[in-house]
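We use all heavy atoms of the structure for the numbers below, so side chains are in, but hydrogens, waters and symmetry mates are not. Numbers restart at 1 for each chain; the letters A, B, ... are given by sequence-line order, proteins then strands.
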Amino acid sequence: MANIEIELEVNGRQEQVSVEPGKTLLHLLRENLGLTGAKDGCRSGDCGACVVIVDGRSVNSCMVLAPQAEGSSVMTVEGLAQGDELHPLQRAFAENWAFQCGFCTPGMLASCYALLEFNDNPTRDEIRAAIAGNFCRCTGYQAVVKAVEQAATELRVLKGGSRNA
Amino acid sequence: MRAKETAPGRAIPHESASLHVAGEATYVDDIPELAGTLYVALGLSSEAHARIRSIDLEAVQNAPGVVGVITAADIPGVNDCGPIIHDDPILADSEVQFVGQPIFAVAANSYTAARKAVRLAEIDYESLPAVLDVATGRQQQSFVIPPMHLRRGDAEQALQSSPSRSQGAFSIGGQEQFYLEGQISYVAPKEDGCFHLWCSTQHPTEMQQVVAHALGIDFNQVVVEMRRMGGGFGGKESQSAIFACIAAVVASKLGRPVKLRLDRDDDMTITGKRHGFEFAYDVGYDDDGQIHAARVDMAAQAGFSADLSGPVVTRAVCHFDNAYYLGDVAIDAYSVRTNTQSNTAFRGFGGPQGAIAIEYIIDNIARQLGKDPLQVRKLNFYGRDERNVTPYGQTVSDNVIHELVDELESSSDYSARRKAVAAFNRDNEVLRKGLALTPLKFGISFNVVHFNQAGALVHVYTDGSVLVNHGGTEMGQGLHTKVSQVVALELGIDVRRVRATANDTSKVANTSATAASTGSDLNGKAAQDAARQIRNRLIRFIAEEHGANLADIEFAGDRVSWGSGEIAFDELVVQAYQNRVQLWSDGFYKTPGLSWDREAMQGSPFYYFSYGAAVSEVVVDTLTGEWKLLRADILHDAGNSINPVIDIGQIEGAFIQGMGWLTSEELRWNEAGRLITHAPSTYKIPTITDCPQKFNTRLYQNHNVEDTILRSKAVGEPPLLLPFSVFFAIRDAIASLADNRINPPLRAPATPEAILDAIDALRGEHQ
């Protein structure tokens with residue numbers, strides 16, 4: 001079957017890619033664009049290692065066919081930092097050791113970013129719900145929750161006010 | 001002497017923290033690919049045990065995108081990748097021994113092409129009888145290695161004379177490692193018949209050796225490089241070998257770079273797991289609950305080959321005592337051959353299986369006597385000065401279990417919560433709560449003495465930056481961070497000036513697996529030795545050049561000072577270089593005082609013991625078997641922790657991982673021997689929703705009585721035993737249905753089905 005030409009925005013850049021129809025968004029990112037942050041963990045939408053943001057929502061990129069992403073705006077872990085400045089979530093993950101082997105981190109960060117984008121003051125249960133689809137086999141998740149709480153606080157301060165401020 | 005910023009006990013960030021959060025940390029699959037790279041898919045056996053009559057791969061070979069196909073006949077060297085006993089074919093030749101055994105490999109221009117082509121193979125099998133469970137294998141005397149026997153005193157006699165006996169059986173399931181990064185090898189042919197292998201492995205040296213054997217070449221023709229794994233947990237100790245070998249054989253045959261990255265389902269179908277065990281026990285005890293004698297028969301599901309079953313079962317035997325003095329002991333241990341995946345290392349390496357059996361028995365004794373299990377546990381703890389010799393003859397000389405458990409009992413408010421649980425259970429029929437405190441003692445060192453060695457290289461460059469390379473591998477346990485801290489401390493410099501690099505078989509040779517929790521003990525000491533030699537050369541140089549008194553020279557805060565003067569570390573380095581002082585060094589370490597007689601199962605196989613304990617409280621829905629962990633409190637001994645944040649992370653992670661093993665993670669094979677839980681959709685890894693809302697983890701204030709690296713203790717495996725408390729809390733909740741007088745026959749994993757089975761059995765007996 002012939003390749004399909006698609007256009008999409010990835011981390012703020014317009015990209016034109018030619019892909020086989022059966023290729024997933026994950027493999028488009030990793031193989032065509034060299035963005036190897038999102039990981040191939042199970043290819044069945046269960047582990048969350050491949051989570052990226054598509055049009056503001058977190059999705060398992062292994063479950064999205066690349067042509068379905070036509071015209072979308074995609075953000076991956078590589079797009080979180082502003083130049084050299086890490087996003088507060090990234091800093092909080094680093095400071096709290098919210099990873100050990102790090103393989104789940106790109107997907108975990110994407111899920112948490114999506115949460116904080118629409119809820120900058122999440123409860124602990126909301127944080128738990130946001131990462132319920134992300135496996136971490138190393139940490140036992142405690143440090144992840146702590147990191148998200150820290151990042152949420154910092155983001156609210158940076159925004160200069162919040163629901164509770 | 002100690003620079004504050006690098007002192008042990010400080011929470012130094014992960015050496016790759018900024019890379020991990022930016023998505024820039026490179027795993028094997030992220031390495032930019034070389035031109036001409038081919039992708040491999042594997043053809044797997046559909047039969048549990050069969051002779052291969054014929055293999056027709058013509059359609060495979062002719063499929064679109066396929067560049068080459070290999071079978072066992074294409075292996076130029078030895079068709080074996082077994083770590084100890086050579087019974088592990090790389091590709092099945094005339095016989096297949098489990099569903100999922102690789103038979104052939106296809107190399108194509110894309111993974112999709114390779115995977116599609118695999119399906120076109122025609123293999124004709126002649127079925128042979130298959131052994132699919134431990135009981136059958138045990139009955140048929142089907143073993144991968146000879147049975148092991150340990151005896152102390154006369155257990156038979158002591159059992160006869162014991163006032164009471166606890167006799168029964170207990171079964172415990174295996175566990176899939178589920179490293180988040182699946183098995184992967186990437187091989188590039190190099191000039192002069194050499195190969196470079198990037199492999200996600202805990203044992204680069206062994207990968208170098210098995211690849212060389214498979215290709216029939218010298219070890220010096222194979223370089224294995226491993227920067228980091230996305231988790232290992234034991235699953236990449238020996239079992240990365242088959243994939244490394246297949247990729248290398250394809251690369252050798254086709255002369256192209258070859259990547260073999262397993263699909264998750266194939267990974268779970270092919271690779272071995274934690275051994276499931278069946279126990280039959282007979283324990284004699286007195287009216288207080290003190291154990292006088294124990295006889296246990298343990299049978300492990302080894303799978304089709306020996307792999308690491310020998311050492312795994314040895315460790316199970318050596319951990320059956322856990323923290324208890326057992327009197328006269330008789331242990332018989334069997335590694336049962338079954339036509340299933342060849343089970344292998346998994347964090348704890350048989351230790352957790354051995355130890356949970358005695359915990360089960362003590363739990364029984366307590367209920368038979370109408371006591372709180374904690375009382376019976378404490379009564380049987382190893383003594384300080386007597387009752388302190390293990391069944392295998394090692395004296396327990398660093399025992400802190402009494403103090404540690406007392407502290408946790410008090411900090412977790414155990415006795416008040418015991419009463420509250422009883423009150424809750426009086427008021428509720430359907431929901432029942434359970435509480436349990438379980439201890440652990442875990443022996444540290446490889447049970448094979450000669451594995452307890454390590455090497456390192458430290459380079460100090462003329463700008464004062466430092467590079468350390470050692471024989472350990474980084475899989476998320478923070479080894480590179482700890483080793484960097486050790487080097488920084490030795491040289492008195494900021495840890496940020498130290499860079500740990502990929503394990504590379506062309507740098508430090510003949511390394512041991514990063515396993516048995518020994519990574520930082522061994523490699524930390526080797527790196528310290530290397531750094532210390534450089535420091536000593538610098539000390540002599542300063543004494544000569546600046547007339548300093550040797551005893552006055554201090555390395556701290558990126559400076560070196562002596563009574564009358566001081567100099568910045570990087571200036572000193574330049575001066576030393578210009579005066580022809582060697583600024584790099586190797587380092588070596590071997591653990592002292594170890595001995596082990598494999599036949600008699602006696603000796604001192606462990607340098608020291610780690611200790612810990614946990615309290616768990618659960619609520620069980622006795623109508624559905626669903627349950628929830630409400631709270632967990634942990635106190636764990638990491639000695640003088642080099643990095644408490646790393647150690648607490650290891651403990652929390654091991655607790656949740658071990659809880660998965662004992663509750664939700666269930667391996668099931670169908671009647672044809674096919675693993676049916678071969679994906680995360682059916683095999684349940686704990687997620688955040690399984691974690692307790694109250695989870696308190698603390699380090700026990702201690703320092704190693706042995707001269708370990710900075711007096712720390714290994715922390716990788718021991719905490720996997722902490723979630724025994726979850727399992728026994730569930731059992732406690734179930735037992736409340738019969739007034740805590742009958743022992744619920746709860747198997748592990750305690751899935752809702754297992755819990756309901758135990759409840760049914762209890763109610764049947766109670767009526």
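Considering only heavy-atom pairs separated by less than 4.5 Å from chain B, the leading option among A:Cys101, A:Cys42, A:Gly34 is A:Cys101. Put simply, of A:Arg43, A:Glu31, A:His27, the one with the most heavy-atom pairs under 4.5 Å next to chain B is A:Arg43. Ranked by heavy-atom pairs under 4.5 Å with chain A, the list B:Glu652, B:Met659, B:Met229 is led by B:Glu652. Of all the listed residues (B:Ile651, B:Asp265, B:Ile646), the one sharing the greatest number of non-hydrogen pairs under 4.5 Å with chain A is B:Ile646. The residue among B:Pro686, B:Ala654, B:Gly182 with the most heavy atom pairs within less than 4.5 Å of chain A is B:Pro686.
Both the backbone and the side chain of A:Ala132 come within contact range of chain B, each with at least one heavy atom under 4.5 Å from a heavy atom of that chain. Only the side chain of A:Thr105 comes within less than 4.5 Å of a heavy atom of chain B; its backbone N, CA, C and O stay farther away. Contact of B:Ile656 with chain A is made through the side chain alone, with heavy-atom distances under 4.5 Å. The part of A:Val145 that comes within reach of chain B is its side chain, from C-beta onward, which places non-hydrogen atoms under 4.5 angstrom from that chain. Heavy-atom distances place the backbone of B:Ala25, and not its side chain, under 4.5 Å from chain A. Neither the backbone nor the side chain of B:Glu24 comes within contact range of chain A; no heavy atom of the residue lies under 4.5 Å from a heavy atom of that chain. Contacts between A:His87 and chain B at a heavy-atom distance below 4.5 Å are absent for every atom of the residue. For B:Asp263, the parts lying under 4.5 angstrom from a heavy atom of chain A are both the backbone and the side chain. Only the side chain of A:Asp125 has a heavy atom closer than 4.5 Å to any heavy atom of chain B. There is no contact between B:Pro64 and chain A, counting heavy-atom distances below 4.5 Å. Only the side chain of A:Arg30 comes within less than 4.5 Å of a heavy atom in chain B; its backbone stays farther off. The contact between A:Leu86 and chain B is made entirely by side chain atoms (from C-beta outward), counting heavy-atom distances below 4.5 Å. With a 4.5 angstrom heavy-atom cutoff, B:Glu33 does not touch chain A via any of its atoms. Looking at B:Thr26, there are no atoms closer than 4.5 Å to chain A (heavy atoms on both sides), in backbone or side chain.
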Would B:His636 and B:Asp647 count as a side-chain hydrogen bond (donor to acceptor under 3.5 Å, both in side chains) here? Give the steps. CA-CA 9 Å; B:His636 192 83; B:Asp647 290 349; over 6 Å; no
Stepwise, does the side-chain hydrogen bond (donor to acceptor under 3.5 Å, both in side chains) test hold for A:Thr76 with A:Asn11? CA-CA 7 Å; A:Thr76 71; A:Asn11 297 333; 2.9 Å; yes
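Looking at B:Glu474, its side chain never comes within 3.5 Å of a backbone N or O of B:Arg228 through a donor-acceptor pair. Checking side-chain atoms of A:Arg128 against main-chain N and O of B:Cys691 turns up a donor-acceptor pair under 3.5 Å. Proximity of a side-chain donor or acceptor of A:Asn60 to a complementary backbone N or O of A:Val51 within less than 3.5 Å is not detected.
Using a 4.0 Å cut-off between a side-chain N of Lys or Arg and a carboxylate O of Asp or Glu, A:Arg124 and A:Glu149 qualify as a salt bridge. A salt bridge is absent between B:Asp690 and B:Lys684; no separation between the charged side-chain nitrogens and carboxylate oxygens falls under 4.0 Å. We find that B:Glu15 and B:Arg227 are joined by a salt bridge, their nearest charged nitrogen and carboxylate oxygen being less than 4.0 Å apart.
Using bins of under 30°, 30° to 60° and over 60° for the plane-to-plane angle, the ring pair A:Phe135/B:Phe178 lands in the perpendicular bin.
A side chain to side chain donor-acceptor pair (under 3.5 Å) with B:Gln175 is found for one member of B:Arg274, B:Lys273, B:Arg347 and no other, namely B:Arg274.
With B:Tyr39 as the aromatic partner, B:Lys259 does not meet the cation-pi criteria of under 6.0 angstrom to the ring centre and within 45 degrees of the ring axis. The side-chain tip of A:Lys39 does not point at the ring of B:Tyr27 from less than 6.0 angstrom away and within 45° of straight on.
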